[in-house]
Amino acid sequence: MTSDINTNDAGTGDIIVDAHLDMAYNAVVLGRDLLRPLSDIRTQEEENSPRGAHHGTSLVSLPELLKGRVAVVGGSLFVAPAFKAWQQEPQVYRTPDQAYRYAIAQLDYYRRLADENNRVHLLHVERDLDEVLVSWKRTPAASENQDKTEDDQQIGLFLVMEGADPIREPGELAWWVERGLRGVGLTWSAGTRYAGGTAAPGGISDEGVKLLAAMADYNLMLDVSHMWVDAVYEALGRYPGPIVATHANPRAFVDSPRLLSDDVIRRIADRGGVVGMVPYNPMLKPGWRIGEPRLPLGRLVEAIDHVCQVTGQAGCVGLGSDFDGGFGRESVPEGVDSIADLKKIGELLRERGYSPSDIMAFLSGNWLRVMRTVLHSL
């Protein structure tokens, strides 16, 4: 099986693009200092649990991203609604104005992180992505096994809003785009006033249709990860821009509205989109619970292979780890101690017979293609 993807990003080596990380939520809401070594974060939380409900042993920090060669991150803007289990979170919204204020705090976190740290680059236009990727390329004088010094390597932040309630009305989208927003998921599981979610069935509302039209003006990425299936099909028929699922596994592995049917996967692939695979045990085995043996990482590779077999190509699947999105190390496959271990997936794909070009497409190239499409339009 081969991928037809030509990313024009040769020379970046075995970098990784992770399309969905809840970095700002962890920093702003849970109080985790992501600039510190992961061991420090864990030691602190062994003594004092993070604010709110226990989210598990942390998996993400800036040093771990660099160690794992995670060069580009889909940084989420996620604010939790006052919905069922999330009511006990340290910060939940009940009105669009609350959602707006909380999301601005997360946006400001990402902007400060980029302004104050030369290792982080906010991706506004295609040139910004080029600069990040150049920082990971081998220098002409480098040997085959020697990269540029670690101090040169940057992490690019491609911002995606998870649940659009912080956009108080569609006309406000331009303000968010000017400040770095490059993708939007109309809804989260609980649903929003824009569309039904996987725990709140419904289609796309009239306001949602207007928001899609506003997004199309900028060619923003539409994320359908948490949309109710009727809304997904409506979006596929209505939205002309890039359509992806940044973090959603095949429903063939776990029969849940949160996951994607084979037909939806094929339709996303037909539109040139990408499905981001989540190394999360409950989305890989029905009924899995914390305390049970962790699944082998090969189970995720089986899910990746399923998407490739369903679509007949390797050009529509990537990574969307969702670390630390309400779960931690206890809930991910064996062998993954932190986000730095995502690179192990490449070796497992190699053992399964995937070509180097297909593995590169999965680890980075497929997401880079879609992100370039968005950034090139701005």
Side-chain angles (χ1 to χ4, degrees), residues 1 16-22 55-60 68 70 74 76 85 162 188-189 198-199 223-227 229 232 244-266 268-269 274-311 314 316-354 358-359 362-363 366-367:
M1 182 177 298
I16 288 174
V17 176
D18 189 331
H20 190 87
L21 287 180
D22 292 307
H55 286 262
T57 303
S58 180
L59 292 156
V60 179
V70 183
S76 78
E162 184 177 14
W188 186 65
S189 294
T198 51
D223 184 5
V224 302
S225 297
H226 284 279
M227 289 176 68
V229 64
V232 173
V244 304
T246 61
H247 56 302
N249 289 357
R251 191 178 296 185
F253 283 67
V254 177
D255 188 9
S256 165
R258 172 65 179 85
L259 307 183
L260 304 179
S261 70
D262 288 352
D263 184 61
V264 167
I265 291 170
R266 278 190 290 265
I268 291 174
V274 180
V275 176
M277 308 303 294
V278 188
Y280 179 47
N281 293 338
M283 291 173 62
L284 293 167
K285 178 182 178 182
W288 188 92
R289 296 289 184 269
I290 290 179
E292 297 179 7
R294 293 164 66 186
L295 302 181
L297 189 55
R299 181 66 172 173
L300 179 69
V301 174
E302 292 174 11
I304 295 166
D305 187 63
H306 178 86
V307 173
C308 294
Q309 298 300 332
V310 163
T311 61
C316 63
V317 61
L319 273 168
S321 73
D322 203 11
F323 296 168
D324 288 292
F327 61 91
R329 181 178 59 188
E330 298 82 356
S331 299
V332 303
E334 189 69 37
V336 179
D337 182 69
S338 80
I339 195 163
D341 291 316
L342 293 181
K343 57 193 174 189
K344 295 179 179 179
I345 300 170
E347 179 57 36
L348 293 176
L349 287 169
R350 190 173 298 111
E351 293 174 1
R352 200 175 183 94
Y354 280 81
D358 284 346
I359 294 169
F362 168 76
L363 292 177
N366 294 334
W367 281 124

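In what follows, residues are counted from 1 in the order of the sequence shown.
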Roughly how far apart are S76 OG and H20 NE2, rounded to 0.5 Å? 4.5 Å

Would you mind reporting whether P279 and L342 have side-chain heavy atoms less than 4.5 Å apart? yes

Pairs flagged by ring pair (Phe, Tyr, Trp, His ring centres under 6.0 Å) wherever residues 285-307 is involved - sequence neighbours left out: F253-H306

Gap between atom CG of L21 and atom NE2 of H247 - 0.5 Å precision: 10.5 Å

Quick check: closest heavy atoms across G56 and E330, and the distance to 0.1 Å? CA-OE1, 3.5 Å

Polar side-chain atom of N366 near backbone of A314 as donor-acceptor pair, under 3.5 Å: yes

Would you find a donor on one side and an acceptor on the other, under 3.5 Å apart, between the side chain of N281 and the backbone of R294? no

Answer yes or no: is there an ion pair linking K344 with E347, defined by an N-O contact shorter than 4.0 Å? no

Of all heavy-atom pairs linking I304 and M277, the shortest is CG1-CG, 3.8 Å

Nearest atoms (heavy-atom pairs only) where D22 meets G325: OD2-CA, 3.2 Å

Heavy-atom pair with the smallest gap, counting every atom of G346 and I359: O-CD1, 3.7 Å

Residues that R299 engages under salt bridge (Lys or Arg N to Asp or Glu O under 4.0 Å), provided they are two or more places apart: E302

Can you tell me how far the SG atom of C308 sits from the OH atom of Y354, to the nearest 0.5 Å? 3.5 Å

Under 3.5 Å, is there a donor-acceptor pair linking the side chains of S225 and D223? yes

Quick one: closest heavy-atom pair of P250 and A303, and the distance? CG-O, 3.9 Å

Please round to the nearest 0.5 Å and tell me the distance separating atom CD1 of I339 and atom CG of D341. 10.0 Å

Tell me whether D324 contacts the main-chain N or O of S58 through its side chain, where contact means a donor paired with an acceptor under 3.5 Å. no

Hey, does V254 have a side-chain heavy atom less than 4.5 Å from the side chain of P282? no

Are any of the side-chain heavy atoms of E334 and P296 separated by less than 4.5 Å? no

Is there a donor-acceptor pair under 3.5 Å between the side chain of E162 and the backbone N or O of W188? no

With a 4.5 Å heavy-atom cut-off, do Y280 and D322 have their side chains touching? no

Set out, in order, the CA-CA distance, both residues' side-chain angles and the distance that settles side chain to side chain contact (heavy atoms under 4.5 Å, CB included) for T311 and V317, then state yes or no. CA-CA 10 Å; T311 61; V317 61; over 6 Å; no

Any side-chain to backbone donor/acceptor pair from W367 onto L319? Under 3.5 Å, distance only. yes

Between P286 and D255, is there a side-chain heavy-atom distance shorter than 4.5 Å? no

So do the side chains of V232 and L260 get within less than 4.5 Å of each other, counting heavy atoms only? no

Evaluate the side-chain proximity of V336 to R329: yes if any heavy-atom separation is below 4.5 Å, no if none is. no

Taking the side chain as C-beta and beyond, is there a heavy-atom pair between L284 and N249 under 4.5 Å? yes

Rounded to the nearest 0.5 angstrom, the CG-CE distance for L259 and M283 is 4.5 Å

When rounded to the nearest 0.5 Å, the distance separating CG of L363 from CG of D18 is 11.0 Å

Return the set of residues passing side chain to side chain contact (heavy atoms under 4.5 Å, CB included) with V301 (not counting sequence neighbours), or none when no residue passes. I345, L348, L349, R352

Do you know the tightest heavy-atom contact between H55 and G326? ND1-CA, 3.2 Å

